[in-house]
Enquirer: 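I am attaching a structure below and will ask some questions about it afterwards.
Just so you know, residue 1 is the first one in the sequence shown, and it goes up from there.
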Amino acid sequence: MSKVCIVTGASRGLGRGIALVLAREEGCAVYATARNEEALKSLSEDAAAGTKGGSVNPCVLDQSDDGAVRAFVEQVKAKETQVDMLVNSAYGGLIAIGPHFGKPFWERPLSVFDASIDIGLRSAHVMSALVVPMMVKKKSGLIVQISSFGGVGYLFDIGYGVGKAGLDRLTTDMAAELKPHGVHAVTLYPGGAVTETTAFPGGETPVFTGRAVAALLNKATKVDLERFSGKVVQTAELAVDYQFTDVNGEIPDGPFAGVEFAKQCREAMTKPLTQYDMDADLPDTSETNNPDVGGLFSGGLKFSGDSLHS
């Protein structure tokens, strides 16, 4: 039987790549959620071109509407006996952050902070809380939170970092409560990405991120998942461990991606986290919070409201 997966924020970017790889390369039945119906239909059509028998079921969903999320999960329950993987990829912060690069937090609208928390941290908790009972019943399942290096160091703005750090901690605490039930939760850090909205030099494509998620689903052993559960893993680490590459046949090698960067970060993570290490130097916020960094995001992040939750 095909494994059943839910991927949020799947209309574009990393979420789209994850859903596409799970369907086309792994033969999974994927429930893909986002607000953009047209983009989801396009994703479903692209997935149908695969040869592994997988599919993408497009599900229009506003992650800020708890009632709609509950109704969506009930629909999945009515069709499926289990959910093998939930990938929380939806994030609304970058659209809000875009116009304010170069400004300190006190000069940004309060809504910019809320955008990083509401669709990202809170939405991941809501979806997880509603899907987990199916996993607990089967004593099997995996939750993957798509987070960022912003969880362990300053990146872009305060809301971004707080949201990602919260997401990482959400994984840890969920894993602690899920441990007796045979369900695992993992945080995944992609490197700088090359998507419809971002253009990090030498970055990873959504397909590479998708293959990292697929490795957790189908290549990681039970022992591996027990070791990963509650922790942060990086896409580049998984590429080395499970021997997959990006679409160009290589592992991304840009300044925000690649094996060497992953090794450096892995070493750093054996020490106290930067924000809690009282002896550490404070970061230079201007490195990632400046108008030039905004140029890494294609089109200046000027998208319609429908793209906010995708």
Side-chain angles (χ1 to χ4, degrees), residues 1-10 15 18-33 44 47 50 52-59 61 63 66-90 122-147 167-188 210-233 238 241-242:
M1 292 180 60
S2 298
K3 290 187 176 180
V4 176
C5 305
I6 296 172
V7 180
T8 72
I18 292 166
L20 193 61
V21 168
L22 289 175
R24 291 187 63 167
E25 298 184 8
E26 303 297 323
C28 296
V30 180
Y31 289 84
T33 77
S44 181
K52 297 295 183 69
S55 63
V56 165
N57 302 296
C59 303
L61 179 63
Q63 293 277 163
D66 291 353
V69 177
R70 189 180 299 275
F72 161 73
V73 174
E74 289 301 318
Q75 291 172 6
V76 174
K77 286 182 180 178
K79 296 178 181 179
E80 309 291 350
T81 59
Q82 68 185 57
V83 171
D84 298 283
M85 172 184 276
L86 164 63
V87 182
N88 287 310
S89 181
R122 187 182 186 280
S123 62
H125 172 261
V126 172
M127 185 65 81
S128 299
L130 295 173
V131 171
V132 153
M134 294 183 69
M135 295 179 172
V136 169
K137 184 177 180 180
K138 293 290 185 178
K139 294 189 177 299
S140 176
L142 174 62
I143 300 171
V144 179
Q145 322 282 15
I146 305 301
S147 187
L167 195 61
D168 300 352
R169 181 58 186 264
L170 185 71
T171 293
T172 298
D173 288 0
M174 280 185 178
E177 294 191 7
L178 289 169
K179 187 175 181 179
H181 304 285
V183 180
H184 302 100
V186 176
T187 290
L188 183 65
R211 287 172 179 170
V213 172
L216 289 171
L217 179 65
N218 287 329
K219 293 184 178 180
T221 65
K222 182 179 179 180
V223 172
D224 290 340
L225 290 178
E226 289 175 351
R227 178 166 54 91
F228 293 152
S229 195
K231 299 180 177 65
V232 171
V233 295
L238 295 176
D241 291 344
Y242 300 109

Enquirer: May I ask you to decide if Leu188's main-chain N or O and Ser147's side chain share a donor-acceptor pair within less than 3.5 Å?
Expert: no
Enquirer: Salt bridge (Lys or Arg N to Asp or Glu O under 4.0 Å) with Glu25: which residues, sequence neighbours excluded?
Expert: Arg211
Enquirer: List in chain and number order the residues that pass side-chain hydrogen bond (donor to acceptor under 3.5 Å, both in side chains) with Asp84, two or more places apart in sequence or in another chain; answer none if no residue qualifies.
Expert: Gln82
Enquirer: Using every non-hydrogen atom in the two residues, find where Ala175 and Ser229 come nearest and quote the distance to one decimal.
Expert: CB-OG, 3.5 Å
Enquirer: Any non-hydrogen side-chain atom of Lys52 less than 4.5 Å from a side-chain atom of Arg24?
Expert: no
Enquirer: Does atom NZ of Lys137 have more than 12 heavy-atom neighbours, drawn from other residues, nucleotides or ligands, at distances under 6.0 Å?
Expert: no
Enquirer: Mind checking the CG-OG1 spacing from Leu61 to Thr8? Nearest 0.5 Å is all I need.
Expert: 8.5 Å
Enquirer: Within a strict 4.5 Å, meaning less than it, do heavy atoms of the Cys59 and Val76 side chains meet?
Expert: no
Enquirer: Restricting to non-hydrogen atoms, name the atom on Leu167 and the atom on Ala124 that form the minimum distance, rounded to 0.1 Å.
Expert: CD1-CB, 3.7 Å
Enquirer: Would you say Leu178 and Val136 make side-chain contact, with heavy atoms under 4.5 Å?
Expert: yes
Enquirer: Give every residue pair that meets the salt bridge (charged side-chain N to carboxylate O under 4.0 Å, His left out) criterion with at least one member in residues 170-186, sequence neighbours excluded.
Expert: Arg169-Asp173
Enquirer: Is there a donor-acceptor pair under 3.5 Å between the side chain of Ser44 and the backbone N or O of Val56?
Expert: yes
Enquirer: To the closest 0.5 Å, what do you measure between OG1 (Thr187) and CG (Leu170)?
Expert: 8.0 Å
Enquirer: What pairs with Lys138 under salt bridge (Lys or Arg N to Asp or Glu O under 4.0 Å), at least two apart in sequence or on another chain?
Expert: none
Enquirer: Does His125, at its NE2 atom, have more than 12 non-hydrogen atoms belonging to other residues, nucleotides or ligands within less than 6.0 Å?
Expert: no
Enquirer: Looking at side-chain heavy atoms only, is the closest gap between Glu26 and Lys3 below 4.5 Å?
Expert: no
Enquirer: Rounded to the nearest 0.5 Å, how far does OG of Ser89 lie from CD of Gln63?
Expert: 10.0 Å
Enquirer: Can you list the residues that meet the side-chain hydrogen bond (donor to acceptor under 3.5 Å, both in side chains) rule with Gln75, with sequence neighbours excluded?
Expert: none
Enquirer: Are Val144 and Ile18 close enough that some pair of their side-chain heavy atoms sits under 4.5 Å apart?
Expert: no
Enquirer: Answer yes if the side chains of Asp224 and Thr221 hold a donor-acceptor pair under 3.5 Å, and no otherwise.
Expert: yes
Enquirer: For Met85, run the side chain to side chain contact (heavy atoms under 4.5 Å, CB included) check against Val4, Ile6, Val213 and tell me which one passes.
Expert: Val213
Enquirer: Do the side chains of Tyr242 and Leu216 get nearer than 4.5 Å, heavy atoms only?
Expert: no
Enquirer: Taking the side chain as C-beta and beyond, is there a heavy-atom pair between Asn88 and Ser128 under 4.5 Å?
Expert: yes
Enquirer: Given Thr171, which of His184, Gln145, Lys231 fulfils the side chain to side chain contact (heavy atoms under 4.5 Å, CB included) condition?
Expert: Gln145
Enquirer: Which heavy-atom pair separates Ala23 from Ala47 by the least distance, and what is that distance?
Expert: CB-CB, 3.9 Å
Enquirer: Under the side-chain hydrogen bond (donor to acceptor under 3.5 Å, both in side chains) test, which residues partner Ser123, sequence neighbours left out?
Expert: none
Enquirer: Within the structure provided, determine whether Leu238 and Phe228 are in side-chain contact (heavy-atom separation under 4.5 Å).
Expert: yes
Enquirer: Given Val7, which of Val30, Thr33, Leu86 fulfils the side chain to side chain contact (heavy atoms under 4.5 Å, CB included) condition?
Expert: Val30
Enquirer: Nearest 0.5 Å please: distance from the SG atom of Cys5 over to the CG atom of Leu142.
Expert: 9.0 Å
